[in-house]
Structure formats: structure tokens, C-alpha cells
Amino acid sequence: MDRGTLLMIHILTIHFKDRWVDIQKKQLEKFVDEEYKVYTRLGENYNEHKDKFDEALDGSGHWTESMKVLLDFIHKNAKPDDKVLLLDSDAFPIKPISSFLNEKLKDYPFVSCQEPEHEIDNTRKIPHPMFMLFEAKHILEGDLENYLNRIIDDGTGTWWAGVIGWLGKNNYEYYPIERSNKINLHKLYFGVYEDMIYHHWAGSRKMITRPDRRRAAETGEDIEVIAAQNHQMSESVFEQIVNQPDDFMDYLMDKYKGELG
């Protein structure tokens, strides 16, 4: 088959801070075993990192505002049968994922990680934009773009609720990639999903999320103290990811029996 006709996965990622650029790039190179391109918006050190991506934009803004400009790359470069992956900057594969994702797209129009702990109502199984996969035809020929490029809140504090509306409007079900940690250093942060995808959570911002607020409400602890503890733990985890990523991911899945450095 001519290389120009090969189907491809187009990855859109937003790096508000630059500390995850090289880690994510390395993990994608290691574990995406199909043709792919990566497009980004860089909020820090644009000139230093821009050539590490197939195309890059300088600037920052809310996820939806950034996605609005990044989706232009899909119109510019993708074919309807290509795949599109929306990926948080601090999320990346830790095992080969292409075969799994291609199989799931045969049965589901939409594949996404989900994390109920992140929701106000943690009984809801909401697709989360840390990892969303779909065919490019839903952008090129459909109206999914209209549900991704603006804040849509369904009343539960979920600003990406437009995706839920789009799924319902089309009577689509999505495949949920669920958390699979055997060792949880935190209810939300440092998550492994279906033993294939890692998401650090709040890797580029202050580490206060809904599980932390629930903890503060239940225990009376100062939320700022909890945030400081989270950041201390995050730095320790980040060091492990930099120095021995495979061992650390195996540790979270309770598959590593040695001593972490």
C-alpha cells in the first residue's frame, strides 16, 4: 500500500506547561505502533519545543478554546477514516495500545477514559477529555466539533458535558477505559487505565480536585495543606516517571516486586 494512503491517528494535545513534553513524546514513540502525527498548543517555551511536533501553535487558553484551533489540523490533514485522539499533556500510553483501540472502534464510535472520582456525582460514568478517541469523520462530516470547542455544562459542573449530549443525540454508546490501579497513592491522581494508559492528573496546575475537597469536608483538614501534600507526592512520582517509568507503572499495577529507587 502506498504510504500516502495509510490510515493514521492524529493526536491533539495541549501543553499549558512544558514539563510533560518530552515524557509524552517518548511514550508515544514507544507504544503507538501505527502511523501517527501529533499537534499541540504550547503555553511555555514554544521555540524550544515546537519542532518536536508535527505542527504546533503558540499560546494558551481554556481546553475548549485551545481545541477550537487544534481541530483545524484535522480539517487540514485527516481523512474521514483516520482516527483522532484527544490526549491530556500528562497522559500517555504505558503499553502498546493501537491494536486494542482499533478493535474497540469496530464496536464503538467513541472510546474514552472515565474517572467517576473526578465528578461531582461519582456514580456517573462520564467520558473524560484526558483521553478521547474517535474517527475523523465525526469532525469532517459530522458535528462533534461543535461539542468540543465550547464550554457546555449540563448542570453538574462538567464543562465538557457537550460530549455527553453528542453521544445521546446520536444514540451512541462509548467504550469506557476504566481505572485499573492495584496500588492507589491517591483516589484520583497517578491513575492507570486498563493497564495501558497513565494519567498523572493536575500535572500542570494546583493539585486540588474533587476528592481533595471531599476529604477536606469530611476531615476538617485545610485544603491548602492537602494541596501541599499532593504536590510533594506528585514530585516524588514525577521523579520515578523520569528515572524508571516502566518499573513505576508496574508498581502501580502491583507487578513490580523489586525496590523502587
Side-chain angles (χ1 to χ4, degrees), residues 11 13-33 36 38 40 42-45 48-49 52-53 85-98 100-101 112-118 128-131 177-216 221 223-261:
I11 302 170
T13 185
I14 304 165
H15 288 273
F16 296 122
K17 304 291 183 181
D18 70 353
R19 78 177 328 200
W20 295 98
V21 167
D22 292 330
I23 292 173
Q24 187 184 70
K25 177 178 171 62
K26 177 182 176 182
Q27 294 298 110
L28 289 172
E29 290 172 348
K30 187 173 182 179
F31 292 122
V32 178
D33 50 358
Y36 70 92
V38 185
T40 194
L42 290 164
E44 265 188 355
N45 299 318
E48 178 182 345
H49 297 297
K52 298 174 182 178
F53 299 89
L85 174 61
L86 313 183
L87 188 65
D88 269 4
S89 62
D90 59 345
F92 45 80
I94 59 174
K95 301 289 182 184
I97 60 171
S98 294
F100 172 86
L101 295 178
S112 178
C113 286
Q114 70 170 33
E115 182 50 84
E117 283 291 335
H118 188 40
H128 194 279
M130 63 168 139
F131 187 104
I177 302 176
E178 298 179 330
R179 189 178 178 108
S180 58
N181 291 56
K182 297 298 186 295
I183 295 176
N184 287 284
L185 302 176
H186 184 277
K187 284 186 176 182
L188 178 65
Y189 309 137
F190 326 125
V192 175
Y193 296 82
E194 209 140 339
D195 290 359
M196 290 186 306
I197 299 153
Y198 175 79
H199 186 211
H200 195 79
W201 286 93
S204 300
R205 62 180 177 87
K206 193 171 187 177
M207 299 190 82
I208 298 176
T209 51
R210 285 176 181 138
D212 302 315
R213 294 188 182 96
R214 293 183 190 118
R215 172 182 161 188
E221 294 173 89
I223 192 66
E224 295 297 332
V225 172
I226 293 174
Q229 293 170 351
N230 289 338
H231 279 284
Q232 184 177 10
M233 191 186 315
S234 175
E235 288 304 307
S236 177
V237 169
F238 186 79
E239 184 177 346
Q240 293 289 340
I241 292 171
V242 170
N243 294 320
Q244 46 183 348
D246 295 339
D247 290 343
F248 182 70
M249 298 305 161
D250 282 345
Y251 164 75
L252 292 178
M253 294 182 284
D254 200 23
K255 296 178 180 178
Y256 184 71
K257 304 305 179 185
E259 291 289 331
L260 291 175

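We use all heavy atoms of the structure for the numbers below, so side chains are in, but hydrogens, waters and symmetry mates are not. Model, not experiment: these values are computed from the prediction.
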**Study point:** Which residues share a ring pair (Phe, Tyr, Trp, His ring centres under 6.0 Å) with His186, sequence neighbours left out
**Key:**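 Scan of His186 (ring pair (Phe, Tyr, Trp, His ring centres under 6.0 Å), adjacent residues dropped) gives Tyr189.
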**Study point:** Tyr193: partners by ring pair (Phe, Tyr, Trp, His ring centres under 6.0 Å), with sequence neighbours left out
**Key:**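 Ring pair (Phe, Tyr, Trp, His ring centres under 6.0 Å) list for Tyr193, sorted by chain: empty.
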Exercise for review: Would you please test Lys187 and Arg215 for side chain to side chain contact (heavy atoms under 4.5 Å, CB included) and show each step?
Suggested key: CA-CA 10 Å; Lys187 284 186 176 182; Arg215 172 182 161 188; over 6 Å; no
Review point. Counting only heavy atoms not in Gln229, do more than 12 fall under 6.0 Å of its CD?
Key: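 Atom CD in Gln229 is packed in, count exceeds 12.
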Angle class for the [X]/[Y] ring planes (parallel below 30°, perpendicular above 60°, tilted otherwise)?
X	Y	value
Phe53	His15	tilted
Phe238	Trp20	perpendicular
His199	His128	tilted

**Study point:** Check against side chain to side chain contact (heavy atoms under 4.5 Å, CB included), Phe31 and Ser98
**Key:** CA-CA 8 Å; Phe31 292 122; Ser98 294; over 6 Å; no
Review point. Quick one: are Tyr198 and Ile241 in side-chain contact, heavy atoms under 4.5 Å?
Key: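 When only atoms from C-beta onward are counted, Ile241 and Tyr198 do touch, with a gap below 4.5 Å.
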If every non-hydrogen atom of [X] is compared with every non-hydrogen atom of [Y], which pair is closest and at what distance?
X	Y	result
Met207	Trp201	CE-O, 3.6 Å
His118	Arg210	O-NH1, 2.8 Å
Gln27	Pro93	NE2-O, 3.0 Å
Tyr251	Ile183	O-CD1, 3.2 Å
Ser89	Gln24	O-NE2, 3.3 Å
Asp254	Lys182	CB-CB, 3.6 Å

Sequence neighbours left out, what passes side chain to side chain contact (heavy atoms under 4.5 Å, CB included) with [X]? Give chain and number order.
X	value
Lys52	Val21, Asp22, Lys25, His49
Asp247	Gln244, Tyr256, Leu260
Pro129	Trp63, Met132, Trp159, Trp160

Report yes or no: does [X] contribute a side-chain atom to a donor-acceptor pair with the main-chain N or O of [Y] at less than 3.5 Å?
X	Y	answer
Thr40	Thr13	yes
Arg179	Leu188	yes
Asp195	Lys95	no

Check your understanding: Could you give all pairs that pass the salt bridge (charged side-chain N to carboxylate O under 4.0 Å, His left out) test and reach residues 224-240, with sequence neighbours left out?
Key ->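 The answer is Arg19-Glu235, Lys206-Glu224.
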**Study point:** Atom pair CG/CG of Asn45 and Asp18 - distance to nearest 0.5 Å
**Key:**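 Those atoms lie 4.5 Å apart.
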Exercise for review: Measure the CD1-CG distance between Ile97 and Leu28 for me, rounded to the nearest 0.5 Å.
Suggested key: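 One gets 7.5 Å once the value is rounded to the nearest 0.5 Å.
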